[in-house]
Amino acid sequence: MDHRVGEPGVTQTPLAPAQRRRATTEHPMLALQRAVGNRAMAQLAQRAPSGTAAPPAAHAPGAEYLVVVSGEPVLVRSDADEQRAKSIIDTVSATYRISVDSLKGVKATKDHYANAPQAERDKIAAIPWHIRELVAVKKALDHFAPILGQARSYSTRGAAAQEISTLGKVNTSITKNTAAGVADPDTLGEFYGSSSTFAIYQSSETSTEDFPGDVDKQIEATTTHEIAHGLMHYMIDSFIAATGFWLDEDTKSGTSDAEHPPTDYGNKNAREDLSESVMLYFVDEARLKSSCPKRHAAIREAVTLWAAPVGDFPTPDPNATTAMA
Amino acid sequence: VTATGVDELLALRGVTRAGLEAQPDVTVASGVSYGALSGVDRVHAPAFSPAHFYFAGADLKLVYVPRTAVGDIRAADWLERVGTGPQLQSRTGKRALLEVRPALGFAFSHDEDAVELAEVFSPTTLAEYEREIYEDPGSFVR
């Protein structure tokens, strides 16, 4: 469901042509903040429907410029990009029932680092999407299509509420939830379960940690990892049982002959291991299957079950003359 | 034994291996590790305690109390009991803290006010705890 439906309209201050031209050459966030200011940027992102951010303006060929698409700021290079962004955001909302709402990503981040100094929390802000990020996020969500939106109600996960309802693009997380917490240049993404929200952070724009040289695949992978924290946690017990590596969600079994997680990152706890394994299952399945066959089998079984028939339905008779709707 | 209070958990240091192994539902995993502890045996008798006991021979090295046993406890209550002290990065998540009170022989992880797990061990120093028991989970970036 699109949470913006039914909200009253808000008068916007459109970007002046000179401001918009400047946005094509400066760092996007700086240009955006210079153009409309943080507060106006927030309102813009929250309220504006597509196409109202700025009047038509000339753009240097190939240069990025800022538009607002379904309420979200997006940097595009062409009208086709803008249409593509709109298609992705609207599809994610309508089909997967996940709102692309960076302001909620900001709020979730701030809420979950409530013990960090206010000055650091004040640095957290929504930033524009790049088209490549929206494409990668859509790819990641597509992996979970059978348990998202309307399709979920027909799946084996239909009885449980969808664990993710919002995603957003945010400039930074915070290093720790204490008075020593500062703006975090390293965190790529974070899932906030109690907010049903995950955020993709600016650091993901350049990271290729798991897929050297391939930013797009890394964003898809990071997003898949975050989604898995929400949508796949239901299988944590069967995952733990399958691997033998974990005593419980937090602690290793400590047995030397257990199958190890597919990445070093997965060594932290069983939840991170599950998210890493699901990430590879969808983004680099051959790697998971060869290095972690038990994990691969457990996830394959879970994913296969998503679409299993639920209930006791009659099997259509292929020889019957009466059509079944 | 129910895992509710810090002092009740500290009293688990009096549990003996022989006593545990006399329990009808006991299981023993030999030659395992826990954090930096290696080559220890994990003894578990759930009808007696939800905790897992790690022994080197007959010597109790550590008691691990999982979140299933302490998940409804407020961190504020435990912090009031143990006071302020060192905080390390918890393995349970980026926002979680491992409160270590080495002189008490007690550590617990919490995320905000939710307790996640507890460890009981012989009184020691922070440096010893970090060397002998703690395993740094590294930074959480996703």
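The sequence lines fix the lettering, A, B, ..., with proteins before strands; numbering per chain opens at 1.
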### Message
Among A:Thr178, A:Thr175, A:Leu247, A:Asn267, which residue has the highest count of heavy-atom pairs closer than 4.5 Å to chain B?
### Response
A:Leu247
#### Entry: A:Lys217, NZ atom: more than 12 neighbouring heavy atoms under 6.0 Å
yes
### Message
Strictly distance-based, threshold 3.5 Å: is any side-chain N or O of A:Lys268 a donor or acceptor partner for the main-chain N or O of B:Arg91?
### Response
no
#### Entry: Exceeds 12 heavy-atom contacts within 6.0 angstrom, atom CD of B:Glu80
no
### Task
Heavy atoms only: give me the nearest A:Asp248-B:Pro66 pair and the separation to one decimal.
OD2-CB, 3.4 Å
### Interface residues of residues 94-101 of chain B facing chain A - heavy atom cut-off under 4.5 Å
B:Lys94, B:Arg95, B:Leu97
### Task
Mind ranking A:Ile200, A:Asp264, A:Ile174 by heavy-atom pairs under 4.5 Å with chain B and telling me who comes out on top?
A:Ile174
#### Entry: N-O pairing of B:Arg142 and A:Asp210 below 4.0 Å
yes
### Task
Kindly determine whether A:Asp184 and B:Phe140 satisfy side chain to side chain contact (heavy atoms under 4.5 Å, CB included), including the steps that lead there.
CA-CA 11 Å; A:Asp184 181 354; B:Phe140 286 80; over 6 Å; no
### Task
Select one option (side chain, backbone, both, neither) describing which atoms of A:Tyr201 are under 4.5 Å from chain B's heavy atoms.
neither
### Task
Sort out for me which of B:Glu116, B:His52, B:Gln89, B:His44 touches chain A most, counting heavy-atom pairs under 4.5 Å.
B:His52
### Query
Is there a side-chain contact between A:Ser253 and B:Arg42 (heavy atoms, below 4.5 Å)?
yes
### Task
Report yes if some heavy atom in the side chain of B:Val32 is under 4.5 Å from a heavy atom in the side chain of A:Lys252; otherwise report no.
no
#### Entry: Stepwise side-chain hydrogen bond (donor to acceptor under 3.5 Å, both in side chains) check, B:Tyr64 with A:Thr251
CA-CA 9 Å; B:Tyr64 163 62; A:Thr251 301; 2.8 Å; yes
### Query
Between A:Phe198, A:Phe191, A:Tyr113, which residue shows the highest count of heavy-atom pairs closer than 4.5 Å to chain B?
A:Tyr113
### Task
Please say whether more than 12 non-hydrogen atoms of neighbouring residues, nucleotides or ligands are located less than 6.0 Å from NZ in A:Lys110.
yes
### Query
Is there a donor-acceptor contact under 3.5 Å from the side chain of A:Arg271 to the main chain of B:Thr92?
yes
### Query
By a 4.5 Å heavy-atom criterion (distance strictly below it), what part of B:Ser139 contacts chain A: side chain, backbone, both, or neither?
backbone
### Message
Between A:Asp250, A:Leu188, A:Asn177, who has the most heavy-atom pairs with chain B when the cutoff is under 4.5 Å?
### Response
A:Asp250
